[in-house]
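The next block holds one structure in the form of structure tokens; read it before the comments.
All values reported here derive from a predicted model rather than from experimental measurement.
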Amino acid sequence: MAAVSQRTSFGVAGLQATERFDATAQILASFSVVQLVVYAGAQVPIGLLLDKVGPRILIISGSVLMAMGQAFLAISTNVPMGLVGRILVGSGDAMVFVSVLKLLPLWFSGSRIPVLTQLVGTFGQMGQLVSLFPFHLLLVQFGWTPAFSVMSGLALASLLIAVSLIRNAPGWAHLSTSAPMRTRDRLSAAWKQPGTRLGFWTHFTTSFMLNVFLLSWGYPFLVQGQGLDGDFASALMSIFVVVAILYGPFLGALTARYPDKRSNFALGVIAAMTLMWAVVLFWPGAAPLWVLILLLVAVAAGGPSSVIAFDFARTFNPPHLMGTAVGLVNTGGFFGGFVTIYLVGAIMDWQYVANGSNGELYNLPAFRIALLVQFVMAFIGVTFMLIERGKARRQGTKIPA
């Protein structure tokens, strides 16, 4: 919960960041891109460390880095300083989720794991409520420095909780040393599993639109593109949390009961997200509120659906490779996210320059063109999902894809 709140806090601060740093759309996008590049790039080494040192140390280290990053961002006055802050936040955030996922099979077993994995994701999404409401209120009422200082304090609180309560589980030392492997061999063994690659592309396709919306372009699109009031747009984005709470446990129970249909559940949500973006972007004028709500519901469903990807990593890899496999899978959605965020920003700036730098940088026609890049990314992701699903099914496991 603390990590997600740190990750998404910048998403509702985009307009204030534009003024504070005197930033263009491409520079604003670079804040989220840098954070996601760091997050995605750290997943493989963190996965390797996770299999060696265990989740507890990494969760504690991640909390320290997030607290430092938000504190530095609070005092930043220019783009380079702001980027350093987001790099620290991204580095800390990168350590948390995969470490929590590693805890589950250490303490639990059987069909409870898919449900518990979804519950972890559900509680994590509640961190968005922190960034959407109290953080956004602090930002508007008291300004940049107090708001980000409070977020740093929240990360410190999560550090105290981790130190006090989290343990790796009995027998961890034996598990971490029972199958020593070189780093290259460990990576190769995990990536050779078609289930790991299926998990990567499933995570890529189910969550890149979610990252684009929450971490960078969703709030500006609703306010500047669709003409919504800023406070109302922030409140509207709480739909992401509601969907996670309602849909996440339901999907977890569904995948536990019908594990052979997991990829179909993910593909159905991808189709819904793509369809709703097409409806909104091709709607004549600003879309009505009910259409925007349906868009947010569809995109929000990508969060719980992306957790299916980690179930592929779990069921296709032995325990001593699970951290490495989960790290590889977790790069998918964030890799897709930072590429798409950057492309949207670049296309927005290109249109602004092509129009002689006249008018508003953020406007509905510009958003319509820039956000079309999401369809290209979805096509790439679904194509590779189908390819790797075929290979995974031909390989065969006790729990098919």
Side-chain angles (χ1 to χ4, degrees), residues 2-14 17 21 23 26-50 53 55 57-76 78-102 124 127-128 131 148 151-152 154-155 158-159 183 187 200 203-204 207-208 210-217 306 309 323-324 326-346 377:
V4 171
S5 68
Q6 312 299 333
R7 181 192 309 166
T8 58
S9 60
F10 201 83
V12 298
F21 301 125
Q26 197 165 350
I27 291 176
L28 181 63
S30 70
F31 279 90
S32 297
V33 168
V34 165
Q35 180 186 347
L36 290 179
V37 167
V38 171
Y39 186 105
Q43 289 307 298
V44 172
I46 285 172
L48 292 166
L49 278 173
L50 189 55
V53 304
I57 291 177
L58 291 183
I59 293 173
I60 291 171
S61 302
S63 299
V64 171
L65 287 174
M66 288 188 293
M68 292 171 56
Q70 295 290 50
F72 196 80
L73 192 63
I75 62 172
S76 63
N78 54 55
V79 171
M81 290 179 68
L83 289 175
V84 170
R86 293 315 283 176
I87 288 171
L88 289 172
V89 171
S91 301
D93 181 22
M95 298 180 180
V96 175
F97 185 59
V98 292
S99 299
V100 175
L101 290 185
K102 178 75 172 182
Q128 292 178 43
S131 59
F148 279 98
M151 295 303 288
S152 178
L154 177 61
S158 72
L159 168 64
T183 297
L187 284 170
F200 175 91
H203 196 260
F204 176 100
S207 61
F208 83 85
L210 182 75
N211 288 325
V212 168
F213 205 100
L214 285 178
L215 301 184
S216 190
W217 294 118
S306 69
T324 304
V326 167
L328 287 167
V329 166
N330 204 28
T331 62
F334 296 96
F335 172 75
F338 74 69
V339 170
T340 310
I341 288 171
Y342 183 80
L343 288 176
V344 170
M377 301 295 284

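Considering all non-hydrogen atoms of both residues, T8 and G127 come closest at OG1-O, 4.4 Å. Taking all atoms of both residues into account, the shortest heavy-atom contact from A94 to V98 is O-CG2, 3.8 Å.
With rounding to the nearest 0.5 Å, the separation of CG in L214 from OG in S207 is 11.0 Å. The distance from the CD atom of Q35 to the OG atom of S30 is 11.5 Å, given to the nearest 0.5 Å. The CG atom of L49 lies 8.0 Å from the CE atom of M95; values are rounded to the nearest 0.5 Å. Residue S131 holds its OG atom at 13.0 Å from CZ of F10, rounded to the nearest 0.5 Å.
Put simply, the side chain of L73 does not reach to within 4.5 Å of the side chain of V89, judged on heavy atoms. When side chains are defined from C-beta on, F200 does not count as touching L328, because their heavy atoms never get closer than 4.5 Å. Side-chain contact between N330 and Y39 is present, with heavy atoms from C-beta onward closer than 4.5 Å. Using a 4.5 Å heavy-atom cutoff, the side chains of P55 and L50 are in contact. Within the 4.5 Å cutoff, the side chain of S5 has heavy atoms near those of the L154 side chain.
With S216 as reference, I341 is the one residue of I341, T340, N211 to meet the side-chain contact (heavy atoms from CB on, under 4.5 Å) rule.
In this pair, F335 and F338 present their aromatic rings perpendicular. The plane angle is above 60°, beyond the 30 to 60° band.
Scanning for side-chain contact (heavy atoms from CB on, under 4.5 Å) contacts around F21 gives A17, A23, F31, S76, V79, W144, with sequence neighbours left out.
Listed by first then second residue, pairs satisfying salt bridge (Lys or Arg N to Asp or Glu O under 4.0 Å) with a partner in residues 84-93 read R7-D93, not counting sequence neighbours.
Using modelled atom types, one side-chain atom of S91 and one backbone atom of I87 make a donor-acceptor pair closer than 3.5 Å.
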